[in-house]
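Heavy-atom basis, side chains included; hydrogens, waters and symmetry copies ignored. Counting convention: from 1, in listed order, for ligands and their atoms alike.
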Amino acid sequence: MRMTGHFIGGRISSPIGTGSIEVVDPATAIRITEIPAAAKADVDAAVHAARACFDERSWRKLSPADRAAAMWTLSDKLLSHAEELAEIETRDNGMPIGYARALVTSAVNGIRYYAGMVTKIYGQTSEISAPERNMLAYSLREPVGVVGAITPWNAPLWTLLTKIAPAIAAGCSVVAKPAEQTPLSAQRLGELLAEWRIFPDGLINIVNGYGSEAGAALSEHPDVDKITFTGSTAVGKQLVRNAAATLKRTTLELGGKSPVFVFDDADLDKAIPVAAAAIFANAGQVCFAGSRLYVQRGIFDRVAKELSGIGDAIRLGNGLDAATQMGPLVSERQMRRVLDYIELGIGEGAELVSGGSRYGEDGYFVRPTVLANKSGRSMRIVDEEIFGPVLVMMPFETMDDVERLANATSYGLGSGIFTNSISTANRAAKLIRSGNVWINCYGILDRSLPFGGMRQSGWGRENGQEGIDAFLETKAVYTML
Ligand code: NAP
Ligand code: MG
């Protein structure tokens, strides 16, 4: 890895800012490289390039069929670099290589999904009721303009491409600002895009940098029409404040504290491993991680025992090792935060069922941890997003409990229900206020269905038709005949 620049206007440009980002392998705590951190001037240059591309219609003037073909070319080329990109992701983020490969495949499929939608953007015609009936009236769907995409570190390339694909499919140009902790896959994407030259210059721009400087500059920029953000709820609120000055459109995919309910009639041999995967996948660094597990009282002890057994058996290690099932947390800071939460929970009276400590001495590993809060009393570890492999288990009894407990949170991203009764499952699904409900499964996402959160888990949806609508404006046109 070498020090390079930002991807601006179709080429790798020399950085204007003098700051840098130290990139660390979280499995070893060894520094991998150092890359430039964008200053406000770099962000200005990227926004300028995106604006010029949009205003000169370099992309929009191509036919929809040609734009779709270009996106499909991108997907093919990315697939031919899938292994390299997955390895970069694993070294930078720590995730198991199999997980990284699956995310690259999913991101490529997302590009193809939206490539298919470029040729299917429709307005409507309307027979209007105004006195002047001799009219032709219709609506047009037009790209919103220049999009700023700000992303977190837990699925870096996947999240970036999940935003870029619908944005360019809609005809927008993009300036992306990935998370400082995991800049390498985005930087490599920029180098590859500069080499491939599939798109007009300035359609996609990538600036690595810190949120407080580069992210803030992007979200405050008057020439940016829309911000699409994935990250914490606190930063999401800051972005809304920044967007207010120019009333930028904003889509927010934020945090969660997603509840999973296991009823006593569930097929426990299937439910327990899925509930474990719901919290331990990607070391719990998943926005919709099932981090609150409610178990019907009669089966609580059995579920706690089997689930902690699964946690104890998970193989931790370097993500590049094919046998690894769980990698490290992304950074020392994140590891400390998660360990502090475990200590806090025990201090609040939760019982440590399994895990609860750091693993190894070099990397930022935390053991899969199960805490039990049998009293159901209020605790910070039940309310706050930990973003690590830490599960809090609590008992419940009735359907009223499901509604009350599920919704006793400011979040509303995911939820899980395990039962063999379709009536119980669908009653619970109606009562829970969350953007996604999984019945007898967890965490399955498909491009065809909108993904997003209710309440403080976000604004708007990604994926599906709603995912491209978020990058389109509607114009009404009236013609007197
Ligand atoms: P974060 O601190 O909110 O950071 C997300 C992005 O925002 C990063 O690129 C960050 O830059 C940038 N940023 C920070 N401060 C900013 C500011 N003042 N102005 C503009 N940009 C700013 O989140 P994180 O800690 O990286 O990620 C974990 C959080 O993301 C969790 O809460 C998780 O639930 C959430 N998340 C949600 C989803 C979802 O789809 N709903 C998916 C994944 C993660 P730097 O990192 O460079 O400072
Ligand atoms: Mg951050």
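On a distance-only criterion, G211 and ligand 1 share at least one N/O pair closer than 3.5 Å. The shortest N or O to N or O distance between Y210 and ligand 1 is not under 3.5 Å. Between T233 and ligand 1, no N or O atom pair is found at a separation short of 3.5 Å. Taking distance alone, with nitrogen or oxygen atoms compared against 3.5 Å, W153 approaches ligand 1 more closely than that limit. In terms of polar-atom proximity, N242 is not counted as a contact of ligand 1, lacking any N or O under 3.5 Å from an N or O of the ligand.
The G209 neighbourhood of ligand 1 comprises atoms 47 (O), with distances under 4.0 Å to a heavy atom of that residue. Ligand 1 places these atoms under 4.0 Å from at least one heavy atom of G255: 34 (O). Close approach of ligand 1 to L413 is summarised as follows: ligand atoms under 4.0 Å from at least one heavy atom of the residue are 41 (N). Against a heavy-atom cut-off of under 4.0 Å, P152 is close to the following atoms of ligand 1: 26 (O), 27 (O), 43 (C), 44 (C). Which parts of ligand 1 touch K177 is read off a 4.0 Å heavy-atom cut-off, strictly below it: atoms 8 (C), 9 (O), 10 (C), 11 (O), 45 (P), 47 (O). Taking a cut-off of under 4.0 Å to the non-hydrogen atoms of G215, the atoms of ligand 1 that pass are 19 (N), 20 (C), 21 (N). Interface atoms of ligand 1 facing P178, defined by a heavy-atom separation under 4.0 Å, are 9 (O). Each of the following atoms of ligand 1 lies closer than 4.0 Å to a heavy atom of F451: 40 (O).
Considering E180, E253, R337 only, the shortest heavy-atom separation from atom 45 (P) of ligand 1 involves E180. Atom 6 (C) of ligand 1 has its nearest heavy-atom neighbour, among N154, T151, V235, in T151.
Under 4.0 Å from ligand 1, the heavy atoms of L239 that appear belong solely to its side chain. Counting heavy atoms closer than 4.0 Å to ligand 1, residue L254 contributes backbone atoms (N, CA, C, O) but none from C-beta onward. At a heavy-atom cutoff of 4.0 Å, ligand 1 is contacted by no atom of A214, backbone or side chain. Under 4.0 Å from ligand 1, the heavy atoms of F229 that appear belong solely to its side chain. Only the side chain of E385 comes within 4.0 Å of ligand 1, judged by heavy-atom distances.
Under a 4.0 Å N-O distance rule, the pair E83/R101 qualifies as a salt bridge. The existence of a salt bridge linking R336 and E332 is confirmed by a sub-4.0 Å separation between a basic side-chain nitrogen and an acidic carboxylate oxygen. D401 and R404 are joined by a salt bridge, as a carboxylate oxygen and a charged side-chain nitrogen come within less than 4.0 angstrom of each other.
A donor-acceptor contact closer than 3.5 angstrom links the side chains of D44 and H221.
In this view, E89 satisfies the salt bridge (Lys or Arg N to Asp or Glu O under 4.0 Å) rule with no residue, not counting sequence neighbours.
You'll find the ring centres of F387 and W153 inside the 6.0 Å limit.
When each of E384, M454, R455, E385 is checked for a side-chain contact (heavy atoms from CB on, under 4.5 Å) with Y411, only E385 meets the rule. Put simply, the residue from V260, I432, I439, N436 that forms a side-chain contact (heavy atoms from CB on, under 4.5 Å) with S415 is I432. The only option from L79, L85, L78 that meets the side-chain contact (heavy atoms from CB on, under 4.5 Å) definition with H81 turns out to be L85.
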For residues 440-448, run the donor-acceptor check on the side chains, cut-off 3.5 Å, and write out each pair with its distance to 0.1 Å, sequence neighbours left out.
| residue | atom | partner | partner atom | Å |
| --- | --- | --- | --- | --- |
| N440 | OD1 | T419 | N | 3.1 |
| N440 | ND2 | T419 | O | 2.9 |
| Y442 | OH | F288 | O | 2.6 |
| D446 | OD2 | S448 | N | 2.9 |
| D446 | OD2 | S448 | OG | 2.6 |
| R447 | NH1 | T162 | OG1 | 3.2 |
| R447 | NH1 | N463 | OD1 | 3.2 |
| R447 | NH2 | S106 | O | 3.1 |
| R447 | NH2 | S106 | OG | 3.4 |
| R447 | NH2 | T162 | OG1 | 3.4 |

